[in-house]
Amino acid sequence: MRDHDLPAPERRTRGKRRFDDDEPQFLKRAARPTELPADPDTEPDPDTGERWSSWDDAVHGPEPHPAWLVTELAAKDTELGMLKTGKEADVHLVRRAVPDTDRSCLLAVKRYRDAEHRLFHRDAGYLEGRRVRRSREMRAMAGRTAFGRQMIAGQWAAAEFAALARLWEIGAGHDRIAVPYPVQLRGTELMLEFVGDAEAGLAAPRLAQLRPGPAELRDLWGQLVEALRVLARAGYAHGDLSPYNLLVHSGRLVVIDLPQVVDVVANPQGPEFLARDVRVVSAWFAARGLGAEQVDPGTLIGELLREAGIR
């Protein structure tokens, strides 16, 4: 695969910034650019775009690590462009490779903004039920100090990493749920398995981009219902589920974007988040022609709450 075959970094649209995970009517204001603290050991070389792998300085994903993953400390990471812009983070494409060998892999690198630079202003509802131990950190988060905003951004990254690790382990067993493998977590930067065509560097399409026929629609709905059941049994609601954060790769539905994952039991609003997830995705499938006898959001919500031990 040649570098010039990969997607170029995305550009801002004239007059406002467009976010890939937003529907057009949700685009009401511009975002400030991502600001990350400089680190001379991990900043990319301005000439080559390479930087040393940060694997040794990060929290790693669940073991055993997949065979495709490059973990050698001699590896270098090369920035290849932006895959996606979002309200709270941007996702970049990175190749991790060991120089002068055939060892390489593509990674999706999600970089969170702090609360001041995000367009995600519903922190309180999602963070309810999450706890940090030290009172200084709790006060800083509550007061939205600079340190507190960084703490909140770190919580989003850590929550997504933990949820993906748990779901990856579950999916490796008998339960059916597909999520990207969480490669590593370093501060507010989360590295994930790239889901898509690695040869072309093209990400898998989101469900919202597809117009599946009747048979494929039924199959995708079945996969989604099973994934929701697995989430509920693990005590989770996605919290922001929509056709824009579900990928379809080689016929498999892949759940992504889990920073706002909600503990259905610990969060008093957990059942409401779960119900909203179901209603949003059910409406999409119903609008594409899946019959009411198959898409019954009220019944499914009740089943999922029982799976989570709520009823």
Side-chain angles (χ1 to χ4, degrees), residues 1-10 34-86 89-114 150 153-169 172 179-204 249 254 256-259:
M1 181 174 60
R2 299 182 301 275
D3 285 354
H4 63 263
D5 292 329
L6 293 167
E10 298 182 5
T34 303
E35 294 180 8
L36 295 172
D39 183 339
D41 293 328
T42 58
E43 285 294 298
D45 184 290
D47 296 322
T48 66
E50 293 181 341
R51 61 179 179 177
W52 289 107
S53 165
S54 55
W55 175 259
D56 191 42
D57 191 29
V59 178
H60 302 156
E63 296 183 352
H65 304 308
W68 54 262
L69 179 60
V70 174
T71 61
E72 289 90 334
L73 299 185
K76 288 190 173 183
D77 294 345
T78 304
E79 300 274 341
L80 300 176
M82 188 178 290
L83 288 173
K84 174 186 170 187
T85 56
D90 294 328
V91 182
H92 299 255
L93 183 65
V94 167
R95 179 192 291 118
R96 175 167 287 175
V98 180
D100 302 321
T101 75
D102 60 358
R103 288 280 292 155
S104 70
C105 64
L106 285 182
L107 302 173
V109 181
K110 192 168 187 176
R111 293 172 181 146
Y112 281 87
R113 305 181 187 93
D114 66 28
Q150 190 70 11
Q155 274 215 338
W156 291 120
E160 181 163 25
F161 181 79
L164 287 171
R166 173 68 178 138
L167 293 172
W168 174 270
E169 291 172 331
V179 295
Y181 177 75
V183 172
Q184 67 178 58
L185 173 68
R186 186 175 182 273
T188 57
E189 182 182 84
L190 176 60
M191 285 191 168
L192 305 168
E193 172 187 4
F194 172 73
V195 180
D197 184 344
E199 289 297 318
L202 296 176
H249 181 54
V254 182
I256 62 169
D257 289 340
L258 286 150

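These numbers come from the heavy atoms of this one structure, side chains and all, not from hydrogens, waters or symmetry mates. It should be emphasised that the depicted structure is a prediction, and the values quoted were computed from it without experimental measurement.
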### Query
Taking only residues two or more places apart in sequence, or in another chain, which ones meet His249 in a ring pair (Phe, Tyr, Trp, His ring centres under 6.0 Å)?
none
Please name the pair of heavy atoms, one in [X] and one in [Y], separated by the smallest distance, quoted to 0.1 Å.
X	Y	answer
Leu83	Ala203	CD2-CB, 4.5 Å
Ser54	Arg186	CB-CD, 3.8 Å
Leu190	Gln184	CD1-O, 3.5 Å
Val183	Trp68	CG2-CH2, 4.1 Å
Leu106	Ala198	CD1-O, 3.5 Å
Pro62	Trp168	CG-CD1, 3.8 Å

### Backbone N/O of Leu69 and side chain of Arg103: donor-acceptor pair under 3.5 Å
yes
From [X] [atom1] over to [Y] [atom2], what is the distance, rounded to the nearest 0.5 angstrom?
X	Y	atom1	atom2	value
Met191	Cys105	CE	SG	9.0 Å
Leu192	Phe161	CG	CZ	9.0 Å
Thr188	Trp156	OG1	CH2	14.0 Å
Glu79	His92	CD	NE2	6.5 Å
Arg113	Asp90	CZ	CG	4.0 Å
Leu73	Asp56	CG	CG	5.0 Å

### Query
Relative to the ring of Trp55, is the ring of His60 parallel (under 30°), tilted (30 to 60°) or perpendicular (over 60°)?
parallel
I'd like to check [X] versus [Y] (side-chain heavy atoms, cut-off strictly below 4.5 Å). Are they in contact?
X	Y	value
Val109	Asp77	no
Pro259	Lys110	yes
Pro182	Arg166	no
Ile256	Val195	no
Leu167	Leu258	yes

